[in-house]
Amino acid sequence: MFEISRIFPELEKPNALRELAGSFSVTRPVVIFAISARVGSTGLLSLLSCKFGFSFIFEIFNPRGVADAIARDNNLPTFEAYLRHIDRTMIGDILAFKVSWNDFEFLDQSDAFRAIFPNVKFIYLDRVDLEAQAMSLYIASTTQVWHVPLDANKQEQPDLKYDRYRIDGLLRHLQATKMSWMKFFGRNKMVPLTLYYEAIRTCAQHALLAICKESGIQNVTLDDMPDWQDGKFGLTSNDGTEALLRQYLADRYPRRPQAAVPATNG
């Protein structure tokens with residue numbers, strides 16, 4: 001069962017998406033930011049929301065609060081009613097949203113996504129340092145502190161116990177998520193614009209400009225792009241989290257003992 005079907009049970013029916021695709025589509029340009037956890041999407045996309053023609057950007061298929069709340073508050077009993085509401089109320093020339101693989105997988109089971117979003121482009125946000133990504137996910141999920149305000153004390157130490165096996169499990173989950181996105185892009189013969197967390201943190205304005213260009217936004221320059229410091233969120237790492245990461249890397253990649261060098265008679 002896909003998580004979003006808890007809100008819209010008709011999505012469990014085999015032909016539900018195909019029937020929807022035959023009756024409704026979002027005709028304006030759509031940009032989907034494909035993500036995994038802890039790739040900096042919240043900070044980056046907060047700088048784009050409601051600017052340059054983008055709609056407000058959030059996870060419209062996240063059933064863990066967002067989609068559930070919108071459907072409940074607006075009395076939207078079906079997925080089609082929900083999509084129509086999103087399309088009608090999200091202001092902007094471009095409907096943009098982000099989605100994790102777990103929340104997108106229900107659309108992957110059918111080619112309906114191309115009919116529902118005929119003018120769609122994908123932008124893939126990734127992270128090179130997988131161990132650091134897994135550690136960030138471990139800390140965030142353990143503390144339930146997912147974002148740190150820019151004015152927060154960066155040296156506050158989280159009270160965390162080191163759990164090698166749980167971090168390993170999160171790392172495998174991230175690997176599976178990345179592989180699922182790669183398979184999806186391959187099956188659909190897509191080459192999305194790919195941006196990496198490590199580069200985004202040092203060249204956010206360049207990343208934003210690349211997103212605008214990929215999305216078909218004309219007449220914008222690097223000088224028009226907001227700086228990372230214009231956002232709400234800062235780095236989540238500090239001395240304590242860095243120490244946990246060093247411990248995890250030492251466990252994952254232990255040093256091999258150096259072979260003894262035989263003595264020579266000189």
Problem - Steps toward salt bridge (charged side-chain N to carboxylate O under 4.0 Å, His left out) verdict (Arg64, Asp103) - result: CA-CA 10 Å; Arg64 299 169 296 281; Asp103 296 336; 2.9 Å; yes

Exercise for the section: Decide whether Leu137 and Tyr165 are clustered together by the hydrophobic rule: side chain heavy atoms of Ile, Leu, Val, Met, Phe, Trp, Tyr closer than 4.5 Å, transitively. Expected result: no

Problem - Atom pair CD/CG of Gln205 and Leu47 - distance to nearest 0.5 Å - result: 9.5 Å

Fill in the blank from the handout: All heavy atoms of Asn119 vs all of Thr27, minimum pair found to be ND2-O, 2.6 Å

Exercise for the section: Return the set of residues passing ring-ring contact (aromatic ring centres under 6.0 Å, His included) with Phe8 (not counting sequence neighbours), or none when no residue passes. Expected result: Phe79, Tyr82

Problem - Flag if over 12 foreign heavy atoms under 6.0 Å of CD1, Ile91 - result: no

Handout entry: Over 12 non-hydrogen atoms of neighbours within 6.0 angstrom of CG in Asp227
Key = yes

Exercise for the section: Please list, chain by chain and in numerical order, all residues satisfying ring-ring contact (aromatic ring centres under 6.0 Å, His included) with Phe185, sequence neighbours excluded. Expected result: Phe122, Tyr124, Trp181

Practice task
Kindly say whether Ile35 contributes a backbone atom to a donor-acceptor pair with the side chain of Ser100 at under 3.5 angstrom?
Solution key: no

Exercise for the section: Would you check if the distance from the ring center of Phe184 to the ring center of Phe104 is below 6.0 Å? Expected result: yes

Exercise for the section: Verify the distance criterion only: is there a donor paired with an acceptor across the side chains of Ser5 and Glu10 at less than 3.5 Å? Expected result: no

Problem - Residues clustering with Tyr196 (ILVMFWY side chains joined when closer than 4.5 Å, directly or via others) - result: Val128

Practice task
Check the hydrophobic clustering (I, L, V, M, F, W, Y; side-chain heavy atoms under 4.5 Å; chains of links allowed) and say if Met190 and Val99 are grouped together.
Solution key: yes

Fill in the blank from the handout: Separation between CG (Asp224) and OG1 (Thr221), nearest 0.5 Å, reads 3.5 Å

Problem - Evaluation steps, side-chain hydrogen bond (donor to acceptor under 3.5 Å, both in side chains), between Tyr162 and Asp251 - result: CA-CA 11 Å; Tyr162 176 66; Asp251 284 346; 2.7 Å; yes

Handout entry: CG-CG distance between Asn15 and Leu20, expressed to the nearest 0.5 angstrom
Key = 12.0 Å

Handout entry: Heavy-atom neighbours of Met182 CE exceed 12 at 6.0 Å
Key = yes

Handout entry: Between NZ on residue Lys98 and CG on residue Asn62, distance to nearest 0.5 Å
Key = 9.0 Å

Exercise for the section: Measure the SG-CD1 distance between Cys212 and Ile94 for me, rounded to the nearest 0.5 Å. Expected result: 8.0 Å

Handout entry: Minimum side-chain heavy-atom gap Lys161-Thr142 below 4.5 Å
Key = no

Practice task
For Tyr138 and Gln133, run side-chain hydrogen bond (donor to acceptor under 3.5 Å, both in side chains): C-alpha distance rounded to whole Å, both residues' side-chain angles, the deciding distance at 0.1 Å, then the answer.
Solution key: CA-CA 9 Å; Tyr138 169 67; Gln133 186 178 3; over 6 Å; no

Problem - Candidate pair Arg6 and Asp68, rule salt bridge (charged side-chain N to carboxylate O under 4.0 Å, His left out), full reasoning - result: CA-CA 9 Å; Arg6 292 190 289 104; Asp68 182 38; over 6 Å; no

Practice task
Take atom NZ of Lys13 as the centre, draw a 6.0 Å sphere, and report whether it contains more than 12 heavy atoms from other residues, nucleotides or ligands.
Solution key: no

Exercise for the section: Grab the two heavy atoms, one from Arg38 and one from Ser136, that are nearest each other, plus how far apart they are. Expected result: NE-OG, 2.9 Å

Problem - Aromatic contact, Phe97 with Phe61 (centres under 6.0 Å) - result: yes

Fill in the blank from the handout: Between the CD atom in Glu214 and the CD1 atom in Ile123, the distance rounded to the nearest 0.5 Å is 6.0 Å

